[in-house]
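Heavy atoms only: backbone and side chains are in, while hydrogens, waters and symmetry mates are out.
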Amino acid sequence: MRYILQATDVAGFPAWEAFKDGISATANFLWNGPLTILLLATGLLLTVMTAGICLRRIPSSFKMMLRKPDPEHAGEITPFQALATALAATVGTGNIVGVASAIGIGGPGAIFWMWVVAVLGVTTKYAESLLAVQYRTQDSTGAYVGGPMYYIEHGMGSKWKFLAILFAVGAVFAAFVTGNMTQANAVAGAVSNATGTVATDGSVAGGIPRWVTGGVMAAATFAVIIGGIKGIGKVAEKLIPTMAVIYILFALTILIMNFERIPGAFGDIFSYAFNGQAMTGGFVGAMVIAAIRAGVARGLYSNEAGQGSAPMAHAAAASRDPVTQARIGMLGTVIDTLIICTMTALVILTLPGLEFTTVAELGNGTYKEFQSTA
């Protein structure tokens, strides 16, 4: 395989993209250190504190997920419906575009770091779900509600309420931007490309307009969410497993067709996760840094471990035992990243004759070209 990184000067971008550049600069700063360290360190700390018990109990947790719920347990939806609802926000664009983007930015080695995030994220998701059930409360209608904003305030004390408010504001923003807008834009773009004619310059003519697809998706979403968490849970428990199984079957079909390339794909993942053989001179390690950053960022975007959205769904589960629901909740990371994202990565890496174009940011506003043959 050949990995190419094209040199580009970021300073040459048009001035009207200043806002976009500002957002990118902020994201680069956060993902080049603070967020990456906090995400990995938190997951590692929780894993050490629990002696890795979550990882050892993954098989039995799958059996627990399939148990028939006790109708006497307090809650709005079944434990499985809670898991499906949480997965509805993660199984999607992040498993396809996110994985492809991670490989495009950091090479095959980024997948290894996605795995690292997922392994540590299992314990993070466990802790989030446990706290959500432990500190959940009932609203004015008697429905059970919970999540980080509740366990921050009730678990840490009222003096930390400002953090709960800050999280709630951030969660609303994330729900619209990193959730709905990203997913809807990806679907609308795919439908437009599939139904139209793509020109050599990348423009599409004659396809279904994006606003039409967006409108249909908005109407369908409204029809589901108008039923509240119970309506969402009933749709999610049928739609998400079906969607995941169909995707896995198609991925398995492709992998069977390219079976002989699978060992090489795993070799590339582990090789490019650690070594700097593709780099020379003062740029040794740039590819590894790019792989870590891409893997961690895309891994978080894919499974949302630590983001705080999944606990809101698990807080509504009909379960009296926080530990039981937490063990079911942690399976979201296993299914999303360790299973579905891995299959996507292997499908990409086993395609015959595929060349990767990878961009490694050097941190000084430039991108550098490297070439290597594996």
On a heavy-atom basis, which atom in Thr85 and which in Ala313 lie closest, and how many Å separate them? CG2-CB, 4.0 Å

Start with the C-alpha distance between Val334 and Val122, add both sets of side-chain angles, then the distance that settles side chain to side chain contact (heavy atoms under 4.5 Å, CB included), and finish with yes or no. CA-CA 7 Å; Val334 178; Val122 168; 3.8 Å; yes

Are Leu131 and Met49 grouped together when hydrophobic residues (ILVMFWY) are joined by side-chain heavy atoms under 4.5 angstrom apart? no

Going from CG on Leu38 to CG on Leu45, what distance comes out if it is rounded to the nearest 0.5 angstrom? 11.5 Å

Take Met149 and Met312 through the side chain to side chain contact (heavy atoms under 4.5 Å, CB included) test and state the conclusion after the steps. CA-CA 9 Å; Met149 54 279 195; Met312 299 180 195; 4.0 Å; yes

Of the non-hydrogen atoms in Ala223 and Ile226, which two are nearest, and what is the gap between them? O-CG2, 3.3 Å

Side chains of Phe266 and Leu346 in contact at under 4.5 Å (non-hydrogen atoms): yes

Determine the minimum heavy-atom distance between Gly308 and Pro148, stating which atoms define it. O-CD, 3.3 Å

Who else is in the cluster with Leu46 when I, L, V, M, F, W and Y are joined by side-chain contacts under 4.5 Å? none

Do the side chains of Glu128 and Tyr151 get nearer than 4.5 Å, heavy atoms only? yes

Decide whether Val99 and Leu349 are clustered together by the hydrophobic rule: side chain heavy atoms of Ile, Leu, Val, Met, Phe, Trp, Tyr closer than 4.5 Å, transitively. yes

Got a sec: does the CZ of Phe162 have more than 12 other heavy atoms crowding it under 6.0 Å? yes

For Ala132 and Pro311 the tightest heavy-atom approach is CB-O, 3.3 Å

CD1 of Ile58 to CE of Met64: how many Å apart, nearest 0.5 Å? 13.0 Å

Residues Thr350 and Arg261: side-chain donor-acceptor under 3.5 angstrom: no

Can you tell me how far the CD1 atom of Ile111 sits from the OG1 atom of Thr344, to the nearest 0.5 Å? 8.5 Å

Start with the C-alpha gap between Arg327 and Ser60, add the side-chain angles, then the distance that decides, and say whether side chain to side chain contact (heavy atoms under 4.5 Å, CB included) holds. CA-CA 9 Å; Arg327 289 181 59 185; Ser60 61; 2.4 Å; yes

Please answer: with hydrophobic residues joined when any side-chain heavy atoms are less than 4.5 Å apart, are Ile335 and Tyr247 in the same cluster? yes

Give the C-alpha distance, both sets of side-chain angles, the deciding distance and a yes or no for side chain to side chain contact (heavy atoms under 4.5 Å, CB included) between Ile262 and Asn258. CA-CA 7 Å; Ile262 294 179; Asn258 299 316; 6.0 Å; no

Within 6.0 angstrom of Met156 CE, more than 12 heavy atoms from elsewhere: yes

For the atom pair CD1 (Ile254) and CZ (Phe259), what is the distance rounded to the nearest 0.5 Å? 16.0 Å

Distance-minimising heavy-atom pair for Ser319 and Arg136: O-NH2, 2.8 Å

Using side-chain heavy atoms (C-beta onward) and a distance below 4.5 Å, is Lys125 in contact with Cys54? no

Between Ile328 and Phe80, is any pair of side-chain heavy atoms under 4.5 Å apart? no

In short, Ala310 meets Ala86 closest at the heavy-atom pair CB-CB, 3.9 Å

Using the test ring pair (Phe, Tyr, Trp, His ring centres under 6.0 Å), find all partners of Phe112 that sit at least two apart in sequence or belong to another chain. Phe270, Phe274

Quick one: pull up CG in Asn185 and CE in Met217 and give me the separation to the nearest 0.5 Å. 10.0 Å

Val119-Phe62 co-clustered via ILVMFWY side chain contacts under 4.5 Å: yes

Pairwise side-chain contact, Leu338 with Thr333, heavy-atom cut-off 4.5 Å (strictly under): no

Report, one line per pair, each donor and acceptor closer than 3.5 Å where one atom sits in a side chain of residues 235-243; sequence neighbours left out.
| residue | atom | partner | partner atom | Å |
| --- | --- | --- | --- | --- |
| Glu237 | OE2 | Gln81 | NE2 | 2.9 |
| Thr242 | OG1 | Lys238 | O | 2.7 |

Short side-chain to backbone donor-acceptor contact, Ser192 and Ala188, under 3.5 Å: no

What distance do Gln134 atom CD and Ser129 atom OG have between them, rounded to the nearest 0.5 Å? 13.0 Å

If hydrophobic clusters are built by linking Ile, Leu, Val, Met, Phe, Trp and Tyr wherever their side-chain heavy atoms come under 4.5 Å apart, do Met114 and Ile103 end up in the same one? yes

With no hydrogens and no angle check, is any side-chain donor or acceptor of Thr42 less than 3.5 Å from a backbone partner on Leu39? no

